[in-house]
Amino acid sequence: MSEITLLTSSSSSDTTSMLVTFIPLVLIIVVFYFLLIRPQRKKDKEDAAMRNNIQVGDEIVTAGGIIGIVFSIKEDTLVVETGGDRSKIRIKKWAVSQNLTVHEQQEAARAAAKEARMNKSKSKKVKVETAESDIEKD
């Protein structure tokens, strides 16, 4: 009977020590996910959305630093007009790093987001002022 007790207590301590060993590893993975992986995925999605929303006439900057105006769009390539002599270059969509043209929809979305933040901060101020006035009344 004592042998069974020794075996079960040894087994539970081994399980506990294994958990204690793996908890820091799991925490490190979680921290890396929230600090590195998640923000990078968000940035990649924003970049992909920017590339998909390019329109003819937009001013873009390529990864190589070439600045030009989009002349035509095909499935995975763009024809960009650059320079004063109006030379045209065909590039891949993935090479676009920035779209310098602000569209009305994007500007409206930014304005709405800014207004929402302002309303949120104003409501916090009102709550604080209300709480302070309630405290003063007491």
Side-chain angles (χ1 to χ4, degrees):
M1 183 74 173
S2 64
E3 292 174 8
I4 294 174
T5 307
L6 289 174
L7 289 175
T8 57
S9 67
S10 171
S11 172
S12 67
S13 69
D14 287 342
T15 306
T16 305
S17 69
M18 286 178 61
L19 286 175
V20 170
T21 304
F22 286 115
I23 287 175
L25 181 63
V26 170
L27 288 175
I28 289 171
I29 291 171
V30 168
V31 167
F32 272 114
Y33 175 76
F34 282 106
L35 291 180
L36 298 174
I37 298 169
R38 189 169 177 232
Q40 185 63 42
R41 282 188 182 170
K42 183 178 178 183
K43 185 177 182 295
D44 290 344
K45 285 181 183 178
E46 289 173 356
D47 288 345
M50 180 266 305
R51 289 183 183 107
N52 289 333
N53 292 329
I54 292 176
Q55 299 173 359
V56 173
D58 286 355
E59 187 174 8
I60 62 165
V61 178
T62 66
I66 297 171
I67 300 172
I69 298 173
V70 177
F71 187 74
S72 71
I73 301 173
K74 296 197 176 160
E75 190 173 315
D76 63 343
T77 61
L78 304 170
V79 175
V80 180
E81 189 176 274
T82 62
D85 59 351
R86 302 173 64 94
S87 60
K88 293 180 180 68
I89 302 171
R90 190 173 66 152
I91 63 169
K92 293 284 193 176
K93 274 190 176 180
W94 59 261
V96 176
S97 64
Q98 290 180 348
N99 185 353
L100 301 177
T101 307
V102 177
H103 296 287
E104 294 173 5
Q105 296 170 347
Q106 293 172 341
E107 192 172 313
R110 287 181 186 153
K114 186 176 182 180
E115 185 177 324
R117 283 186 297 216
M118 295 296 285
N119 289 339
K120 193 175 187 181
S121 66
K122 286 180 183 178
S123 67
K124 285 182 181 179
K125 288 180 183 177
V126 169
K127 287 179 184 178
V128 170
E129 290 173 357
T130 307
E132 288 175 353
S133 65
D134 290 342
I135 291 171
E136 290 174 1
K137 289 178 183 177
D138 292 340

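- Rounding to the nearest 0.5 Å places OG1 of T101 at 7.5 Å from CD1 of I69.
- For the pair D58 and N53, the minimum side-chain heavy-atom distance is 4.5 Å or more.
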Stepwise side-chain contact (heavy atoms from CB on, under 4.5 Å) test for I60 and I91: CA-CA 11 Å; I60 62 165; I91 63 169; 4.1 Å; yes
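- Residue D14 holds its CG atom at 11.0 Å from CG of L19, rounded to the nearest 0.5 Å.
- I73 CD1 to R51 CZ: the interatomic distance, rounded to the nearest 0.5 Å, is 14.0 Å.
- With rounding to the nearest 0.5 Å, the separation of CG in L78 from CD1 in I54 is 5.5 Å.
- For the residue pair S97 and A63, the shortest heavy atom distance occurs at OG-N, 4.0 Å.
- Once rounded to the nearest 0.5 Å, the distance linking NZ of K93 with OG1 of T62 reads 15.5 Å.
- Distance check: Q98 CD to E59 CD gives 10.5 Å after rounding to the nearest 0.5 Å.
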Can T15 and M18 be said to form a side-chain contact (heavy atoms from CB on, under 4.5 Å), step by step? CA-CA 5 Å; T15 306; M18 286 178 61; 5.7 Å; no
Could you please spell out the steps behind the side-chain contact (heavy atoms from CB on, under 4.5 Å) verdict for R90 and V80? CA-CA 6 Å; R90 190 173 66 152; V80 180; over 6 Å; no
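- Here F71 sits in one hydrophobic cluster together with V79; the rule is ILVMFWY side chains under 4.5 Å apart, joined directly or through other members.
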N/O donor-acceptor pairs under 3.5 Å from side chains in residues 82-89, not counting sequence neighbours:
residue : atom : partner : partner atom : Å
T82     : OG1  : S87     : OG           : 3.2
S87     : OG   : T82     : O            : 3.4

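- Nearest heavy atoms, P24 versus V20: CD-O, 3.1 Å.
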Do any side-chain atoms of residues 28-44 form donor-acceptor pairs under 3.5 angstrom with protein atoms, and if so which ones, sequence neighbours left out?
residue : atom : partner : partner atom : Å
Q40     : NE2  : D44     : OD1          : 3.1
K43     : NZ   : D47     : OD2          : 3.4

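- By the rule that hydrophobic residues join a cluster once side-chain heavy atoms approach within less than 4.5 Å of another member, M50 and V56 end up as members of one cluster.
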